[in-house]
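Step one of this worksheet: look at the structure below.
Note on naming: letters A, B, ... go to the chains in the order of the sequence lines (proteins, then strands), and numbering restarts at 1 for each one. The figures here come from the full heavy-atom set of this structure, side chains too, leaving out hydrogens, waters and symmetry mates.
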Amino acid sequence: MMNDIWILLTASLVAINAALLGCFLLLRKMALVGDAISHAVLPGIVVAYYFSGDKTSLLLLIGATLTGVVASLMIDFLTKKAKIQGDASIGITYTLLFAVGMILISTWLKGNVDIDMDCVLYGEIGLINLDKIIIDGNLYIGPMAFYTELFAFFCIGLTLVLGFKGFKLLAFNEDYARGLGINTTRWHYVLMTLVSLTTVVSFEVVGAVLVVGFLIIPAATAQLISKKLNRMMFLAAIFGIAAVVIGYALAIWLNVNITGAMVSVSGIIFMMVLIIDKFFRKQQVSKSLNPA
Amino acid sequence: MENCSIEVHNLTTTYGGAPVLWDVDFELPVGQIIGVIGPNGSGKTTLLKTIMGLLEPSSGFVKIFNQDLDKIRERVAYVPQRESVDWDFPASVYDIVMMGRYRKHNLFRRTNKTDIDIVNQSIEKVGLTEFKNRQIAQLSGGQQQRVFIARALAQRAELYLMDEPFVGVDAATESSILSLLQEMKNDGKTVLIIHHDLQTVSDYFDYLVLLNTRLIAKGTPQEVLTKENLTNAYGGQLTLLAKVASLIKENEFPIREKDMDF
């Protein structure tokens, strides 16, 4: 039972972190960049792990996060300087970096019990309790993954609260922000760093593939019914947590993959909200003809 | 020109190797409503973006009130094309107009009473007070355009650069924008507007810039709207390209470079 609660708490933090950043990615039409970064951190994880020998070290956190930032630098370079179309730049960058990561795993970390392709791609949410934090010899205060997620949550929360106006302006109208003399490049890379950090701390919990579902789906669901940005962020976090809790229950009940169930539930919630919202809008329009 | 709002000097801006603006050179007066006209693809938006510092010119320079843009950014307000943003953004009219109060140095601060008052006044001026809390997605095109103008007004600038504010707006918005422009002019503000409806130019503007990659003409509407000028801008685009090519040969070097003061 205690294990279940720690898994739910940890996964909820993953969902909150991802959903908050997902809102900005979505509004900036950068959903795919989140996807790219989540894959591109792989070589960073492997290299950092190889040198530190520890899945939870600070070195790994920083090294892998930087790889994600390098990926977004590379995408921007290909789009803006080399004039490659946006989706192609993303495709080139993340497949390249991910492939390098695969090679590194299969050579440097061959037969390693801690990191393998499965773990990286799908996470091991059921096993996070193996990496326990025990203080005073016998007091168990939860899995390591929970605390790394908590750390990321504080970083993300603090940055988004302090920089809310800047991120909002950047998301709505980047040209206007530049016209005001605001260094939009700097703001952009702060956001990319946070996205990268989120995917790095989340990869061993939910995996590099499905973390994208946590980034995008709850934010997209919230956008359907939000008229304010802060409300969208709040709702996105709620939808993320709902998917985690319902998904976990379903996975235990049906004995299926936990992360898979969570993201599936997230998708189902999106569909439901979409349908309900469309239905309501129709009713509203027929009631009072277009107000504008 | 003694009182000069915008000085554009030998400006060339290229996109992917091809010049969009070629050796454009003019000085504009202060306190007037100035129209920039020219056919599609003639570089009007590029000119505005280069003036705003959003695009880097290949050669030449821009001065605003005789200074570098970076020194006086806060005195310049930019109204981008309405279609350049996604109006499904989760924000109200008030939220967007408040962005006009954002500054490089106050992004981390909370908005104060003065900001709130200025935002409310700006919304009032464009006649959107009753829609203040409405989400911007639920506005008509004309109302959205007025939100953009209110945001620029909230900036309390002296020079306003507007990219096609009359496109796709209803008659009410059009007359509301026009009376606002008069009011701004009476307050001594300078407004530069990209426009493409030749029918209305002489009614709307005190001063015109006619553009087609290079500067065709500038001056009062009477001076600019001659048959010869308009044919040059709109008629023979093919012959114009040939002229540009020969111009490149004649005029390899701009007379003044960006960082040289004379």
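Sparse packing is recorded around NZ of B:Lys49, with 12 or fewer heavy atoms of other residues, nucleotides or ligands lying under 6.0 Å away. Within 6.0 Å of the CZ atom in B:Phe26, the count of heavy atoms belonging to other residues, nucleotides or ligands exceeds 12. In this structure, B:Arg103 places its CZ atom where more than 12 heavy-atom neighbours from other residues, nucleotides or ligands lie under 6.0 Å away. A:Phe153 CZ: 12 or fewer foreign heavy atoms inside a 6.0 Å radius.
With respect to chain A, the highest number of heavy-atom pairs below 4.5 Å among B:Val76, B:Val79, B:Asp88, B:Val85 belongs to B:Val85. Contact count against chain A (heavy-atom pairs under 4.5 Å) is highest for B:Arg73 among B:Met98, B:Glu74, B:Arg73.
For a residue to count as touching a neighbouring chain, one of its non-hydrogen atoms must lie under 4.5 Å from one of that chain's; by this rule B:Leu161 does not touch chain A. Looking at B:Arg151, both its backbone and its side chain come within 4.5 Å of chain A, counting heavy atoms on both sides. Heavy atoms of A:Lys168 lying under 4.5 Å from chain B belong to its backbone as well as its side chain. Contacts between B:Ile96 and chain A at a heavy-atom distance below 4.5 Å involve the side chain alone, from C-beta outward. Residue contact with chain B, scored on non-hydrogen atoms closer than 4.5 Å, involves the backbone and the side chain of A:Leu180 alike. B:Asn133 does not touch chain A: none of its heavy atoms, backbone or side chain, sits under 4.5 Å away. With a threshold of 4.5 angstrom between heavy atoms, B:Phe148 approaches chain A through side-chain atoms but not through N, CA, C or O.
Taking the ring-ring contact (aromatic ring centres under 6.0 Å, His included) definition, one finds that A:Phe24 meets it with A:Phe167, sequence neighbours left out.
Minimum interatomic distance between A:Leu27 and B:Pro90 (heavy atoms only, all atoms of both residues): CD2-CD, 3.5 Å. The two residues B:Ser92 and A:Lys228 make their nearest non-hydrogen contact at OG-NZ, 3.6 Å. Residues B:Thr111 and A:Lys165 approach most closely at CG2-NZ, 4.0 Å, considering heavy atoms. Shortest non-hydrogen contact noted between B:Met99 and A:Leu169 is SD-CD1, 3.5 Å. Of all heavy-atom pairs between A:Gly163 and B:Phe108, the closest is CA-CE2, 4.2 Å.
Residues A:Trp187 and B:Tyr102 keep their aromatic ring centres 6.0 Å or farther apart.
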Should A:Lys29 and B:Asp86 be marked as a side-chain contact (heavy atoms from CB on, under 4.5 Å) after you check the CA-CA gap, both sets of side-chain angles, and the distance that decides it?
CA-CA 10 Å; A:Lys29 323 270 177 235; B:Asp86 180 4; 2.4 Å; yes
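Atom CG of B:Leu107 sits about 11.5 Å away from atom CG of A:Leu162, to the nearest 0.5 Å.
Residues of residues 172-179 of chain A lying within less than 4.5 angstrom of chain B, judged on heavy atoms, are A:Phe172, A:Asn173, A:Asp175, A:Tyr176, A:Arg178, A:Gly179 in numerical order.
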